[in-house]
Amino acid sequence: MSGTTFAGALNTGLRRALADDEKVVLLGEDIGRLGGVFRVTDRLQREFGPYRVIDTPLAESGILGTAVGMAWRGLRPVVEIQFDGFVQPAFDQIVNQVAKMHARTGGRVRMPLTVRIPVAGGIGAAEHHSESPEAYFVHTAGLRVVSVSNPQDACTMLRQAIACDDPVIFFEPKRLYHVKGEVELEDLATAAPMSAARVVRPGDDVSVVTWGSHVATALDAAEALADDGVSVEVVDLRSLSPWDVEAVTASVRRTGRLVVVHEGARQGGVGAEICATVTETCFADLAAPPLRVTGHDVPYPPAKLERHQLPDLDRVCHGVDQVLGRAPLDPRAVAVSAATHQGQGSPAGAAPSGATSDGTAADAEDDGVTHRAVAVHDGQEVAA
Amino acid sequence: MPSTTDPRTLQDLSRAGRHDASVDSAHGGARDRTSTATPSGGTAQVIAPDGSRHAHPELDPWLEDVDDALLRQLYTDMAVARRVDAESTALQRQGQIGLWPPLLGQEAAQVGSAHALRGDDFVFSSYREHAVALVRGIAPADLLRVWRGVVGSGWDPYAARMAPMQVIIGAQTLHATGYAVGLLVERATGPGGSPAWGGPPSDGVERTSAVVSYFGDGATSQGDVHEAMTFAATWSAPVVFFCQNNQWAISEPVALQSKVPLVERARGYGMPGVRVDGNDVLAVLAATRQALHRARTGGGPTLIEAVTYRMGPHTTADDPTRYRTSADVDAWRALDPVDRFAAHLRGLGVLDDAAEQAAQDTCDAVAAALRSGISGTPDPSWEAVFEHVYAEPHATVAAERDAYARYLDGFADGADGAEQREGRR
Ligand SMILES: Cc1ncc(C[n+]2csc(CCOP(=O)(O)OP(=O)(O)O)c2C)c(N)n1
């Protein structure tokens with residue numbers, strides 16, 4: 001496939017931002033002469049000099065803390081954290097200083113800094129090189145958080161993040177760095193805003209909401225499910241804070257079913273936030289409980305085990321099967337809803353139509369798809 | 001230049017030794033301490049690069065017991081370390097392991113310091129201390145299991161008295177300090193213990209074991225390392241901070257981390273510092289013995305800066321030609337620690353052709369055992385994902401494990417099939 005790589009697109013975006021605004025300064029470990037371990041800053045020090053593209057001493061807290069001071073002075077620092085696990089040493093500066101400075105100063109001081117973080121797994125890396133720490137930052141007021149899924153967004157959204165007057169945590173899924181696509185330098189005035197989600201594949205039966213590298217996973221699943229006659233809508237969330245509640249609820253209102261896919265751990269993850277909000281705002285439109293397909297609540301496992309941690313095509317398809325009633329739900333959910341809805345109709349906890357009693361997904365016959373007005377598991381019939 | 005900033009301020013702030021020509025010329029001596037600096041001056045050494053031995057009043061007393069057998073052992077250990085390293089790089093190329101950070105060039109710093117340790121001492125290292133691990137008795141194949149991505153730790157840390165590798169740069173220096181303070185607490189509260197501690201060793205009696213923390217020159221910039229040294233010094237903790245200054249932190253020269261030789265920092269914390277030629281195995285052994293003795297007798301921590309060089313790439317994923325010249329590497333090749341020690345032993349008559357052959361035979365055997373021990377190691381089964389997350393049962397993890405088991409059962413051929421599946425069903 002021709003075009004620009006994801007890493008190249010980021011490089012293009014950075015070059016443009018440096019050229020457009022002399023207040024933009026890049027800092028990080030190995031970003032100068034080496035061009036970064038993923039070569040995202042390749043040649044930029046040569047082009048813009050060592051005062052615009054700064055190799056820092058090896059200290060993430062130091063990098064973020066000095067970036068705060070640079071922002072005080074009116075610069076727009078763009079920080080590179082070498083790998084996801086290494087942002088934690090900078091957590092104090094990000095959470096206690098970066099996120100709060102604007103509020104602390106009554107709006108007088110702005111922190112227009114961007115923190116670029118190569119994120120997530122799937123590349124067989126060593127410990128601390130495959131993590132998905134987005135939930136920590138989404139939980140922190142004062143930070144904007146985005147995650148890009150393709151070269152064009154990588155270029156445009158990075159420029160938007162740098163231009164934004166708030167601090168932006170900018171996640172770059174590592175497994176996409178070599179993915180290619182057509183990239184143009186969009187006009188930021190007319191480009192889709194950074195905070196807007198995007199429907200990347202329209203569909204009618206189930207909404208799959210995800211971001212980063214799992215947009216591709218979801219598209220693959222949608223393709224596979226289409227062969228089964230299931231129509232999946234894939235929503236690329238793009239921005240995790242703020243997140244586009246309107247776009248997601250509009251999608252779920254039409255499909256009646258929601259599956260959120262992310263690689264980070266499930267407990268307290270971003271998927272929980274999305275499912276809760278959708279449940280609060282779209283309860284009457286739901287034909288099934290929202291469901292999450294996520295990483296397990298374990299430390300990211302060694303490389304040879306990571307395929308069990310990552311949501312993949314099969315796990316996404318399984319999640320879609322579950323909300324369609326073609327595969328059984330987690331028995332815990334069944335047990336809880338049985339207790340909650342006792343005496344409200346059909347036997348609680350019964351295997352939904354299309355699922356076999358031993359818990360395997362049933363193959364062919366499938367009512368759940370075309371007649372969506374089938375209660376999935378809790379005895380409550382909800383019209384879609 | 002950003003209009004709102006004062007250019008003079010930027011000049012001042014940027015004096016770190018960038019290899020940018022304009023910066024260097026603007027700041028005169030900025031290159032003095034860059035990677036091309038070779039050990040000299042205040043760097044303790046007992047074996048010159050040509051292999052000749054010279055006297056060193058402070059280090060020599062710590063080498064009095066070194067006999068021919070130990071000399072040969074040190075040599076063999078360095079040769080084995082180098083061989084394991086080369087073999088591991090080859091195994092990475094063959095796809096048997098995912099990544100490897102070579103120690104090439106740092107054999108003397110690691111073997112010399114590790115040989116100073118007692119069995120009851122403890123080691124907290126970073127990720128490049130393969131020779132330290134080998135001297136601690138860890139099997140080469142176990143060393144590689146982490147790099148193959150099958151486990152988080154290739155060995156039992158309590159059995160080996162060495163923590164698994166640490167990736168978060170500098171974190172282990174705090175762990176070492178805490179472990180050392182643990183030794184002090186035990187000493188104060190245990191049977192016959194005494195809370196009196198600290199100050200210069202009065203009677204020279206070793207009353208605790210000690211801890212060594214290994215870290216790189218880059219790590220010295222991390223706040224954790226500063227905190228570790230502060231804590232250790234004020235508590236007179238029995239810890240030795242062993243910094244391998246191999247001149248590079250990936251692409252960044254040591255001059256970007258420090259304006260002064262790293263050893264000079266010791267004074268600021270209130271502990272002794274010694275700068276030793278890290279390519280001289282005997283000097284390293286002596287300096288580490290001295291520091292460990294100080295630690296065990298109540299004299300508190302020591303900072304050792306072992307001046308050495310990373311001859312290879314940062315890892316097998318790195319391309320060092322992007323940031324350093326071959327002239328730089330060649331200058332250090334002339335100071336090769338293994339060749340130097342071999343020349344020294346030849347001069348002594350301790351290493352003849354037969355002994356050399358014996359060392360090579362050992363290397364061959366270790367390499368063969370390494371290859372057969374790691375090649376084809378099966379992947380762990382999926383259950384391992386959920387193991388040891390907590391020490392006590394945890395409902396969330398248990399439920400997720402069960403759900404995942406049921407999910408895998410849904411595949412016609414179970415977990416095995418699921419692992420080989422290409423598409424859906
Ligand atoms: C907290 C943290 N930041 C960044 C990294 C990425 N990283 C791995 S090794 C390395 C350089 C370390 O240099 P040094 O401490 O001199 O040790 P050396 O690799 O030379 O042995 C960096 C930046 C990391 N592992 N941990």
Side-chain angles (χ1 to χ4, degrees), chain A residues 22-23 25 29-30 32-35 37 45 49-51 54-62 73-75 85-86 88-89 124-129 221 224-225 228 266-267 296-299 301-309 313-315 317-318 327-328 330-332 358-361 363, chain B residues 1-5 10 14 16 18-20 23 98-99 127 146-152 167-170 218-224 249-252 256-258 317-318 322-323 379-380 382 384-386 389 396-397 399-404 406-407 409-411 418-419 421 423-425:
Chain A
E22 65 178 7
K23 292 198 168 57
V25 168
E29 296 159 7
D30 304 290
R33 174 171 280 224
L34 184 65
V37 294
Q45 190 182 59
Y51 300 106
I54 305 172
D55 270 330
T56 67
L58 205 179
E60 289 74 14
S61 182
R73 181 64 183 175
L75 299 185
F86 311 147
Q88 265 79 249
E127 194 185 6
H128 308 295
H129 289 71
L225 287 155
D228 273 6
R266 179 186 174 90
Q267 182 163 290
H296 310 294
D297 282 294
V298 300
K304 296 286 190 186
L305 285 165
E306 73 176 337
R307 67 185 176 282
H308 297 292
Q309 179 72 355
L313 172 70
D314 293 288
R315 285 183 65 201
C317 289
H318 182 69
D330 179 348
R332 273 192 312 168
D358 65 357
T360 53
D363 270 328
Chain B
M1 198 60 63
S3 54
T4 55
T5 51
L10 275 176
S14 65
R18 282 201 190 85
H19 283 192
D20 176 78
V23 177
L99 188 76
Y127 43 80
V146 168
W147 300 101
R148 190 177 168 91
V150 293
V151 286
V167 173
I168 300 298
I169 303 293
T220 61
S221 293
Q222 287 284 2
D224 280 6
I250 309 186
S251 73
E252 299 187 341
L256 186 52
Q257 316 292 345
S258 184
D318 178 39
R322 289 180 72 107
Y323 53 80
D379 291 355
W382 66 269
V385 169
F386 300 92
V389 181
T396 307
V397 174
E400 286 180 8
R401 184 192 181 286
D402 291 350
Y404 193 62
R406 274 192 307 279
Y407 164 75
D409 282 347
F411 292 89
E419 292 176 13
R421 64 199 182 255
R424 184 165 180 247
R425 290 190 199 131

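Residue numbering restarts at 1 for every chain, and letters A, B, ... go by the order of the sequence lines. Just so it is clear, the structure is predicted and the values come from calculations on it, not from any experiment.
- Contact of A:Glu29 with chain B is made through backbone and side chain together, with heavy-atom distances under 4.5 Å.
- With no hydrogens or angles considered, no side-chain donor-acceptor pair links A:His296 and B:Tyr404 at under 3.5 Å.
- Looking only at heavy-atom pairs under 4.5 Å with chain B, the residue among A:Pro57, A:Ser61, A:Gly124, A:Ala303 that has the most is A:Pro57.
- If you measure heavy-atom distances from B:Ile250 to chain A, the contacts under 4.5 Å come from both the backbone and the side chain.
- Here the side chain of A:Glu127 pairs no donor or acceptor atom with the backbone of B:Val167 at under 3.5 angstrom.
- Taking B:Val389, B:Asp379, B:Thr220, B:Val146 one by one and counting their heavy-atom pairs under 4.5 Å with chain A, the maximum is reached by B:Asp379.
- Contact between B:Ala219 and A:Leu58 at its shortest, heavy atoms only, is N-CD1, 4.1 Å.
- A:Glu60 touches chain B through backbone and side chain together, each having a heavy atom under 4.5 Å away.
- Here the CZ-CD distance, from B:Phe386 to A:Gln309, works out to 7.5 Å after rounding to the nearest 0.5 Å.
- There is no contact between B:Arg401 and chain A, counting heavy-atom distances below 4.5 Å.
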For the pair B:Tyr407 and A:Asp314, evaluate side-chain contact (heavy atoms from CB on, under 4.5 Å) and give the outcome as yes or no after the intermediate values. CA-CA 10 Å; B:Tyr407 164 75; A:Asp314 293 288; 3.1 Å; yes
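- Of the possible polar contacts, one joining the B:Glu252 side chain to the A:Asp30 backbone as a donor-acceptor pair under 3.5 Å is found.
- Comparing A:Ala59, A:Pro89, A:Pro302, A:Gly49 by how many heavy-atom pairs each has under 4.5 Å with chain B, the most go to A:Pro302.
- Of the two parts of B:Val397, only the side chain, counted from C-beta on, holds a non-hydrogen atom closer than 4.5 Å to a non-hydrogen atom of chain A.
- Heavy-atom pairs under 4.5 Å with chain A were tallied for B:Gly223, B:Gly218, B:Gly170, B:Gly98; the largest tally goes to B:Gly218.
- Nearest heavy atoms, A:Lys304 versus B:Pro380: CB-CD, 4.1 Å.
- Contact of B:Ala317 with chain A is not made at all, since no heavy-atom distance falls under 4.5 Å.
- The distance from atom CG of B:Leu99 to atom NE2 of A:His129, rounded to the nearest 0.5 Å, is 7.5 Å.
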